[in-house]
There are 2 protein chains.
Amino acid sequence: MPREIDRRAARTRKALHEALLALMLRKGYEALSVQDIIDEADVGRSTFYAHYTGKEDLLRSGFQMLREELKEAQSVAPAGAEASHDDPLGFSTAMFEHAARYTDHYRTMIGGRGGAVTENEIRLALSEMVRQELPPTLHGDAIPRDFVVQFIVGAFLTTLNWWFERKPKLSPSQVDAMFRRLALEGLSHLMGDERRQVDLPAASRDTD
Amino acid sequence: MPREIDRRAARTRKALHEALLALMLRKGYEALSVQDIIDEADVGRSTFYAHYTGKEDLLRSGFQMLREELKEAQSVAPAGAEASHDDPLGFSTAMFEHAARYTDHYRTMIGGRGGAVTENEIRLALSEMVRQELPPTLHGDAIPRDFVVQFIVGAFLTTLNWWFERKPKLSPSQVDAMFRRLALEGLSHLMGDERRQVDLPAASRDTD
DNA sequence: TATGATAATGGACAGCTTGTTCGGGACTTT
DNA sequence: AAAGTCCCGAACAAGCTGTCCATTATCATA
C-alpha cells in the first residue's frame, strides 16, 4: 500500500493548477471550459475528472492551498506587536505583503476574473479575519459591528484591485499606509477645511 | 413605415427582461442559459435572437434602462442643496433611495449574482459619479485621487450588499447615515479611547 | 529488478447548450 | 382589407459536459 502520494498524481494536479492560473489571468474564470484547462495542461479528459469533479472543484482546491499558505505566513511572522485589539486593521499589512508575493494568484481572484465563487470565498475568509480583530465594543450602538466588518472588507478588496490595476509599482507598505489612513481617518481628513491652496500651480507630480 | 414600436415587440422585450430579472434572483446570472430565459419568458428561440445577440446583450440593455431611470431621478429631485463640491458623497443619498425603489434590480446586480459584466458596469458608472463630486484638490498628494474614488465605490457597493442581505428593513436614510459616517470619519471614531463601558451587561439590543 | 498496484490515455457515448436558418401563421398598422 | 411586422416551431451543426471502458505507461516496494 502506498504511504506517499504517487508522483504522477502530484504532477497532474500541479499541471492542472498551473493551467488554471494561466488561463484565468488570460480569459477569466467564467469563460473557461474544462476543455481549455486540460488542453493547456496537456492532460487527458478522464484524468481531469479522476481528480476533480469539475472546474469549480479545481478552483476551490487552489484557493484552499493559498489560504493555508497565508495562515502559515501569518503565524510565522507576527512582525512586531501581533494580535491585540487596538489595531482594528491588523490583518492588512500581512495581507498586502502576501498579495505581493503571490501577485498572479491574487490577480485571478480580484476584480471579476475569479468569478462569483472566488469572490464569495475570499469575502468570507476576510470577514472572518476582520471580525476577530475588531474590538467587540463599538462607540455606541448606532453602527452594527457586522456593517463595519463588511465595510472594511469591501474597501480592502477594492484597494487590492486598484493596486494591481493602476499602481502595481507601489510597495505593499505604501498601499497599506494609504488604506489605513483612509479607513481609519476617513474622507473628511483629506478635504480642505483649509482653502489656502486654491490657486497653486498645476504641477501635478503624479503621472496619472 | 412604423413610427411607433410594435406592441408585440415591446411585449416580448418586456417579457424577456422580467424573465431575466426573476431568474437572476433565483439562480444568478452566470448560471443561466438562454434556454432558461426563453422558457421562463415563454418566447421562441429565434425570437430571442431577433432582439438580442445573447444573454449579455439582454443584461446590458436592462442595466442601461435602469441607469437612465436613475439619471432622471437625480435631475428631477436634487432634494435640497444639490451638486456642490463640499459634499464628497453627494451621490449616496439618491443612490440608496433609488436602490430602495428598485430593490429587485439592485439585488441582481450586487453581491455576485450579476456576474462580472454587471460588476464592471456598475463600478464604472459609480466611479464616474464619485469622481465628479470629489473635490479636485486633496490634502497633500500622499493619496491619489483615483484611489480615493475606488475606495469609496468599493465601500459603497459593499454597504449596498450588506443592506440587502442583512438589514433590508432599514430605511435608505438610515443606511445612508451609517455609510457617510464611516466613510467620512473613519474607523477610529468608532473605537473607544473611552473604555468606561467595559463591563456593561450583556443586553445586546440588536437581534443579530 | 521483477511484479503487482495505481494512474494516465484515447476513444466513444448521450445529453445538453448555442446560434442560425427556414416557412407558415398571427398580429398590427394604415 | 391589405401590407407590413413579428412570432413560432422545427431543424441544424457545432461545441461542451460527465461518464464509461480497455489499453498502456508509470510507480512503489519487496
Side-chain angles (χ1 to χ4, degrees), chain A residues 1-62 65 108 113-118, chain B residues 1-62 65 108 113-118:
Chain A
M1 57 197 72
R3 48 196 63 202
E4 311 211 10
I5 297 165
D6 199 310
R7 273 181 271 169
R8 291 169 293 180
R11 247 202 330 247
T12 298
R13 286 207 185 78
K14 191 174 161 207
L16 286 174
H17 275 120
E18 284 171 356
L20 179 65
L21 184 65
L23 287 174
M24 281 178 75
L25 282 173
R26 225 180 296 155
K27 304 174 54 179
Y29 173 75
E30 304 284 0
L32 291 184
S33 64
V34 173
Q35 197 65 45
D36 293 330
I37 301 175
I38 64 182
D39 284 353
E40 173 83 16
D42 197 25
V43 154
R45 177 164 204 72
S46 34
T47 306
F48 176 91
Y49 285 105
H51 287 277
Y52 304 99
T53 69
K55 67 171 183 166
E56 178 170 331
D57 191 24
L58 175 59
L59 177 68
R60 285 188 196 278
S61 152
M65 288 168 56
T108 64
R113 261 179 297 258
V117 179
T118 315
Chain B
M1 60 197 75
R3 51 195 63 204
E4 310 211 11
I5 298 166
D6 198 308
R7 271 181 274 170
R8 292 168 295 179
R11 248 205 323 255
T12 298
R13 288 219 251 285
K14 190 175 161 205
L16 286 174
H17 274 121
E18 284 171 356
L20 178 65
L21 183 65
L23 287 174
M24 280 177 74
L25 282 173
R26 224 180 298 154
K27 306 173 51 180
Y29 173 74
E30 304 284 1
L32 293 183
S33 64
V34 172
Q35 196 66 45
D36 293 330
I37 301 175
I38 64 181
D39 284 353
E40 173 84 16
D42 196 27
V43 153
R45 179 162 203 71
S46 39
T47 306
F48 177 90
Y49 284 106
H51 287 275
Y52 303 100
T53 68
K55 64 170 184 168
E56 179 170 331
D57 191 24
L58 174 60
L59 177 69
R60 284 187 196 278
S61 152
M65 288 168 55
T108 64
R113 262 181 297 259
V117 179
T118 316

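A note on names: the letters A, B, ... follow the listed sequences, proteins ahead of strands, and every chain is numbered from 1.
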Asks: In whole angstrom, give the distance that lies between atom CD1 of Ile38(B) and atom P of dT20(C).
Replies: 14 Å
Asks: Looking only at non-hydrogen atoms, find the nearest pair between Val43(A) and Phe48(A) and report the distance.
Replies: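 Heavy atoms of Val43(A) and Phe48(A) come nearest at CG1-N, 4.1 Å.
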Asks: Round to a whole Å and report the spacing from OH of Tyr52(B) to C1' of dT18(C).
Replies: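 From Tyr52(B) OH to dT18(C) C1': 19 Å.
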Asks: Less than 4.0 Å between a side-chain N and a carboxylate O, is that true for Lys27(B) and Glu40(B)?
Replies: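 No salt bridge links Glu40(B) with Lys27(B).
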Asks: Should His51(B) be listed as having a side-chain N or O under 4.0 Å from OP1 or OP2 of dC7(D)?
Replies: yes
Asks: Less than 4.5 Å apart, side chain to side chain, heavy atoms only: is that true for Arg7(A) and Arg11(A)?
Replies: no
Asks: Is there side-chain contact between Tyr52(B) and Leu16(B), with heavy atoms separated by less than 4.5 Å?
Replies: yes
Asks: Does the side chain of Leu32(B) reach to within under 4.5 Å of the side chain of Leu20(B), using non-hydrogen atoms?
Replies: yes
Asks: Quick one: is Ser46(B) getting a side-chain N or O under 4.0 Å of the dC8(D) phosphate, OP1 or OP2?
Replies: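 Answer no for this pair, as no side-chain N or O of Ser46(B) is under 4.0 Å from OP1 or OP2.
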Asks: Is Ser61(B) reaching over with its side chain to a backbone N or O of Asp57(B), donor-acceptor style, under 3.5 angstrom?
Replies: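 Answer holds: no.
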Asks: If you define the side chain from C-beta out and look only at heavy atoms, does anything of Met24(B) sit under 4.5 Å from Leu59(B)?
Replies: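 Met24(B) vs Leu59(B): side chains touch.
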Asks: At what angle, to 10 degrees, do the two end axes of the helix from dT1(C)-dA30(D) to dT30(C)-dA1(D) meet, given five pairs define each axis?
Replies: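 Here the helix ends are tilted 40° relative to one another.
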Asks: Is there a donor-acceptor pair closer than 3.5 Å between any side-chain N or O of Tyr29(A) and the backbone N or O of Glu56(A)?
Replies: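 At least one qualifying donor-acceptor pair exists.
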Asks: At what distance, to the nearest 0.5 angstrom, does CZ of Arg26(B) lie from OG1 of Thr108(B)?
Replies: 13.5 Å
Asks: Taking Asp36(B) for its side chain and Ser33(B) for its backbone only, find out whether a donor-acceptor pair lies under 3.5 Å.
Replies: yes
Asks: For Arg7(A) and dA28(D), is the shortest distance between a side-chain N/O and OP1 or OP2 below 4.0 Å?
Replies: yes
Asks: Is Arg11(A) near enough to dT26(D) that one of its side-chain N or O atoms lies under 4.0 angstrom from OP1 or OP2?
Replies: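 For dT26(D), neither OP1 nor OP2 has a side-chain N or O of Arg11(A) closer than 4.0 Å.
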Asks: In whole angstrom, give the distance that lies between atom CG of Leu58(B) and atom P of dG19(C).
Replies: 13 Å
Asks: Quick one: the side chain of Arg8(B) and the base of dC27(C), do they pair up donor-acceptor inside 3.5 Å?
Replies: yes
Asks: List in numerical order all residues of residues 17-27 of chain A for which some heavy atom is under 4.0 Å away from an atom belonging to DNA chain C.
Replies: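 By residue number: none to list.
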Asks: For every nucleotide of nucleotides 13-18 of chain D, 5' to 3': is a protein heavy atom under 4.0 Å from its base (B), only from its sugar-phosphate (S), or from neither (-)?
Replies: ---SBB
Asks: Identify the heavy atoms of Glu30(B) and Gly115(B) that sit nearest to each other, and give their distance.
Replies: OE2-CA, 3.3 Å
Asks: Could you tell me the separation between the CZ atom of Phe48(B) and the P atom of dT21(C), rounded to a whole number of Å?
Replies: 16 Å
Asks: Measure the distance from NZ on Lys14(B) to P on dC6(D) and round it to the nearest whole Å.
Replies: 19 Å
